[in-house]
Amino acid sequence: MYETITTDVLIIGGGGAGLRAAVEARDQGASVTMVVKGKYGNSGCTLNVGTSAVVGLNGQNGDTNMSSMCDLVSFGGFLADQKLAKILVDETMERVQELVEWGIDFQREDDGNIALYRSAAHTHVRNFTLKPGDNAREHTYGAPPGWAMMDALMDQAEDRGVTVMDDAVLIDLLTTDGRVVGATVLDCRRNETLVVQAKTTILATGTYSHIFAPTTVSPFETGDGQCAAYRVGADLTGMEASQFVATSVGFPPGTRFLNSENEDFLPKYGIDDPRNFAKEPLTYAVWKEIKEGRGFKGDKVMLDMSAAFERENMPWWFMDLVKEQTEKRGIDLRHEPVASEPRAHTTIGGISINEKCETTVPGLYASGAVAGGVYGHARPEGYTSMITVVFGQRAGRYAAEEAGAADPVSIDPLQVRASLAAAADTIDNAATVKPSDIKRKIKAATRRYAWVIKDEEGLTNGLARIRQVQSETGKLRARSGYDWARALEVRNLLLSAELHFIGSLERRESRGAFFRDDYPETDNVNWLKNILYRQVDGELVLDYETPDLLYCDPARHNGRLQYQPIANYGTSVAVK
């Protein structure tokens with residue numbers, strides 16, 4: 001037998017999107033149970049938040065929500081769902097004001113004004129940084145802006161009595177008559193499985209970025225939500241799209257990027273100052289140099305920051321970087337370059353949603369980085385933090401409303417037993433292969449064949465390799481519930497990687513953060529469309545969907561992505 005928990009709204013995921021959904025669902029009168037993969041408050045991608053973006057903090061400077069939305073949509077190659085993009089920019093200010101009411105503050109200048117600046121690919125000054133309050137909690141990873149968001153959201157969830165199960169992992173979603181009615185869950189601490197029965201379910205499990213290594217994201221982002229949704233027939237979109245960052249070290253304006261020939265190579269890619277350009281063209285330039293044999297050992301370039309010390313108005317974090325490099329690595333950045341390499345960042349693909357955060361399967365919602373379609377194939381920095389609260393609030397609201405009007409749901413015991421039996425079949429205490437062994441094989445395949453700049457030969461070989469690993473992976477060693485959770489992650493990573501390779505082979509162009517060496521141009525004639533991934537009768541079916549160009553389109557932007565440089569990095573504007 002298995003334990004069954006009953007709730008109105010089940011939320012799977014413990015980051016910002018899940019917490020904001022929980023707060024809203026409780027405010028709508030629903031009972032809420034959160035299943036959190038890690039420790040409560042130390043799970044998800046929100047903890048890693050850096051800059052944020054919103055229109056209006058700096059008064060009247062000519063900026064508009066429409067301008068912000070078109071920056072986002074055009075930079076992503078016009079593949080975004082423009083209804084979702086418009087919701088994001090239209091509702092961000094309300095969510096920011098709400099966070100302020102809940103105790104968040106901003107990084108400020110000496111005169112007390114909010115420190116505002118314009119990040120690359122934004123046409124106006126609208127970026128800002130959040131700061132934790134005086135009673136900040138302790139977190140095991142992340143950065144101060146992310147801690148600030150999580151602290152505020154956790155306070156609100158606790159005030160509302162949200163039920164939280166941490167160290168608990170999604171196994172499968174459960175359906176009755178085609179409707180999601182809950183999930184099977186592994187309680188890692190007790191090493192036991194259970195069932196959560198719910199009228200509506202919200203997935204907020206983050207990305208599948210751990211098909212790659214090294215990566216910037218938390219270790220919990222292994223495609224659990226995307227894969228569970230796919231297995232019950234939900235549409236996924238953009239699974240071929242992933243972002244990378246050019247460096248493993250922060251760098252200030254004026255930094256020179258050096259290849260193994262001691263050449264400052266960025267100018268030949270049209271990049272004068274790397275801080276003036278978004279991560280996509282910068283990462284392309286770095287990896288192109290390495291791929292063509294002009295990198296240092298270990299696929300690295302060198303960053304010369306010496307000129308930065310001659311500038312004024314350095315970013316507030318720069319002196320922390322100087323101290324870190326001096327104390328931890330013995331490097332004097334005034335005179336010595338530091339080695340750096342690209343890293344995988346957030347994956348962009350995910351579960352298709354509508355404006356209510358409903359997926360294509362009744363009873364199932366998705367919010368945050370697990371959902372696809374908001375960005376297209378890239379995003380200027382600053383929007384990711386806000387999708388957590390904007391779409392978290394929406395998912396919580398609409399899931400609670402539906403739950404309030406729904407009849408009681410029932411669980412199929414045969415489906416439960418099948419799910420739990422399949423989960424048990426992934427492990428064996430006597431097995432010699434550990435989950436980490438398979439994860440290394442997955443990451444090695446994506447690093448070799450799908451890293452930053454792709455081509456058909458590499459993708460074909462990579463897909464074959466992933467399928468070989470799938471076929472050879474038997475039972476994995478698990479001597480605790482936590483080991484079992486890692487084994488369950490393996491099946492999700494293998495599926496996520498397979499879909500990534502399939503979609504990357506299918507998309508024969510370069511767009512946003514997606515680069516094909518053999519198809520270097522953006523092809524709006526044949527590929528101004530999204531790839532949808534759907535399981536039908538146990539088999540993958542690819543479909544295609546042309547975005548509705550409601551508000552901005554390639555013709556009005558000369559068909560080009562907004563990779564233009566910025567001129568006023570670090571500018572501070574007083575809030576009015």
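Hydrogens, waters and symmetry mates play no part in the numbers below; they use all other heavy atoms, side chains included. All figures in this text were calculated on a predicted structure; none of them were measured in a lab.
- Judged purely by atom type and a 3.5 angstrom limit, Thr359 uses its side chain to pair as donor or acceptor with the backbone of Leu364.
- You'll find the side chain of Val169 stays beyond 4.5 Å of the side chain of Trp484, heavy atoms only.
- Between the side chains of Ser119 and Glu381, at least one donor N or O lies within less than 3.5 Å of an accepting N or O.
- Counting heavy atoms from C-beta outward, Ile411 and Val181 have side chains that approach closer than 4.5 Å.
- Atom CG of Asp110 has 12 or fewer neighbouring heavy atoms from other residues, nucleotides or ligands inside a 6.0 Å radius.
- Ring geometry for Phe128 versus Phe106: interplanar angle over 60°, hence perpendicular rather than tilted (30 to 60°).
- The side-chain heavy atoms of Lys439 and Arg486, taken from C-beta on, include a pair separated by under 4.5 Å.
- When every heavy atom of Ala80 is checked against every heavy atom of Val73, the shortest pair comes out as CB-CG2, 4.2 Å.
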- Could you walk me through whether Asp412 and Leu174 pass side-chain contact (heavy atoms from CB on, under 4.5 Å), step by step? CA-CA 8 Å; Asp412 178 3; Leu174 299 172; over 6 Å; no
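- Closest heavy-atom contact between Tyr551 and Met69: CB-CE, 3.1 Å.
- In this structure, CG in Leu495 is found 8.0 Å from CD in Gln535, a value given to the nearest 0.5 Å.
- Inspection of the Thr384 and Tyr375 side chains reveals an N or O donor paired with an N or O acceptor under 3.5 Å.
- A donor-acceptor contact closer than 3.5 angstrom links the side chains of Ser68 and Tyr383.
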- Item | Check against side-chain contact (heavy atoms from CB on, under 4.5 Å), Arg179 and Thr200 | CA-CA 9 Å; Arg179 177 184 180 83; Thr200 55; 4.0 Å; yes
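- Between Asp159 and Arg26 there is no salt bridge, since none of the side-chain N atoms of the basic residue sits less than 4.0 Å from a carboxylate O of the acidic one.
- Aromatic rings of His122 and Phe75 (six-membered ring for Trp) have centroids beyond the 6.0 Å cut-off, not under it.
- In this structure, OG1 in Thr446 is found 5.5 Å from CD1 in Ile211, a value given to the nearest 0.5 Å.
- Under 3.5 Å, the side chains of Tyr117 and Thr51 contain a donor-acceptor pair of N or O atoms.
- To the nearest 0.5 Å, atom CG of residue Asp224 and atom CD of residue Glu489 are 6.0 Å apart.
- Using a 4.5 Å cut-off on side-chain heavy atoms (C-beta onward), Ser218 and Ser43 make no contact.
- With hydrogens and angles left out, the side-chain atoms of Arg20 and Thr388 include no donor and acceptor closer than 3.5 Å.
- Listed by chain and residue number, nothing satisfies the ring pair (Phe, Tyr, Trp, His ring centres under 6.0 Å) test with Tyr40 (two or more places apart in sequence, or in another chain).
- What you find for Ala234 and Ile351 is that their closest heavy atoms are CB-CG2, 4.5 Å.
- Each of Thr215, Thr347, Thr207, Thr346 was compared with Glu221 under the side chain to side chain donor-acceptor pair (under 3.5 Å) criterion, and only Thr207 meets it.
- A distance of 12.5 Å separates OG1 in Thr205 from CD1 in Ile11, rounded to the nearest 0.5 Å.
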- Task: Check the pair Tyr208, Met239 against side-chain contact (heavy atoms from CB on, under 4.5 Å), reporting the backbone distance first and the verdict last.
- Result: CA-CA 9 Å; Tyr208 48 99; Met239 292 293 287; 3.6 Å; yes
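- Judged purely by atom type and a 3.5 angstrom limit, Ser367 has no side-chain atom pairing as donor or acceptor with the backbone of Ala204.
- Checked by atom type and distance alone, the side chain of Lys475 never pairs as donor or acceptor with a backbone atom of Asn429 at under 3.5 Å.
- A distance-only check finds no donor-acceptor pair linking the side chain of Thr163 to the backbone of Thr33 [under 3.5 Å].
- Using a 4.0 Å cut-off between charged side-chain N and carboxylate O, Asp483 and Arg479 make no salt bridge.
- In this structure the side chain of Val196 reaches within 4.5 angstrom of the side chain of Leu194, judged on heavy atoms.
- Residues satisfying the ring pair (Phe, Tyr, Trp, His ring centres under 6.0 Å) test with Phe244, not counting sequence neighbours, are Phe212, Trp451.
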- Task: Given side-chain contact (heavy atoms from CB on, under 4.5 Å), test Leu19 with Met34 step by step and report yes or no.
- Result: CA-CA 8 Å; Leu19 283 166; Met34 288 185 68; 4.0 Å; yes
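- Distance check: Leu420 CG to Gln415 CD gives 10.5 Å after rounding to the nearest 0.5 Å.
- Looking only at distances, no side-chain donor or acceptor of Thr6 sits under 3.5 Å from a matching main-chain atom of Gln197.
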- Item | CA sep, side-chain torsions, deciding dist, call: Thr222, His210, side-chain hydrogen bond (donor to acceptor under 3.5 Å, both in side chains) | CA-CA 5 Å; Thr222 54; His210 271 277; over 6 Å; no
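- Contact of the Tyr2 side chain with the Thr4 side chain is registered, since non-hydrogen atoms from C-beta on lie closer than 4.5 Å.
- Proximity of Gln226 to Tyr230: side-chain heavy atoms (C-beta onward) are nowhere separated by under 4.5 Å.
- Salt bridge annotation for Asp27-Arg397: absent, with no cationic side-chain nitrogen under 4.0 angstrom from a carboxylate oxygen.
- Side-chain contact check for Glu358 and Asn354: at least one donor-acceptor pair (N or O, by modelled atom type) lies under 3.5 Å.
- Distance alone, capped at 3.5 Å, places no donor-acceptor pair between the Thr46 side chain and the Gly146 backbone.
- In this structure, Thr64 contributes its side chain and Ser67 its backbone to a donor-acceptor pair below 3.5 Å.
- For Ala431 against Arg477, the heavy-atom pair with the smallest separation is O-CD, 3.1 Å.
- Residues Met386 and Ala53 approach most closely at CG-O, 3.9 Å, considering heavy atoms.
- Residues Ala183 and Leu170 come closest through the heavy atom pair CB-CD1, 3.7 Å.
- Judged by distance alone, the side chains of Asp172 and Ser419 do bring a donor and an acceptor atom under 3.5 Å apart.
- The distance from the CD1 atom of Ile442 to the OG1 atom of Thr473 is 7.0 Å, given to the nearest 0.5 Å.
- Salt bridge Lys39/Asp167: present, at least one basic N to carboxylate O contact under 4.0 Å.
- Side chain of Trp147 to main chain of Asn48: no donor-acceptor pair is present (N/O by atom type, distance under 3.5 Å, no hydrogens or angles).
- Lys131 NZ: more than 12 foreign heavy atoms inside a 6.0 Å radius.
- Asp71 and His124 form no side-chain donor-acceptor contact under 3.5 Å, judged by distance and modelled atom types alone.
- In terms of the ring pair (Phe, Tyr, Trp, His ring centres under 6.0 Å) criterion, Phe220 has no residue partners (sequence neighbours excluded).
- Listed for the Asp155 side chain is no donor-acceptor partner under 3.5 Å among the backbone atoms of Ala152.
- Side chains of Arg231 and Asn492 form a contact here, defined as non-hydrogen atoms less than 4.5 Å apart.
- If you run salt bridge (charged side-chain N to carboxylate O under 4.0 Å, His left out) between Arg394 and each of Glu91, Glu94, Glu24, only Glu91 comes through.
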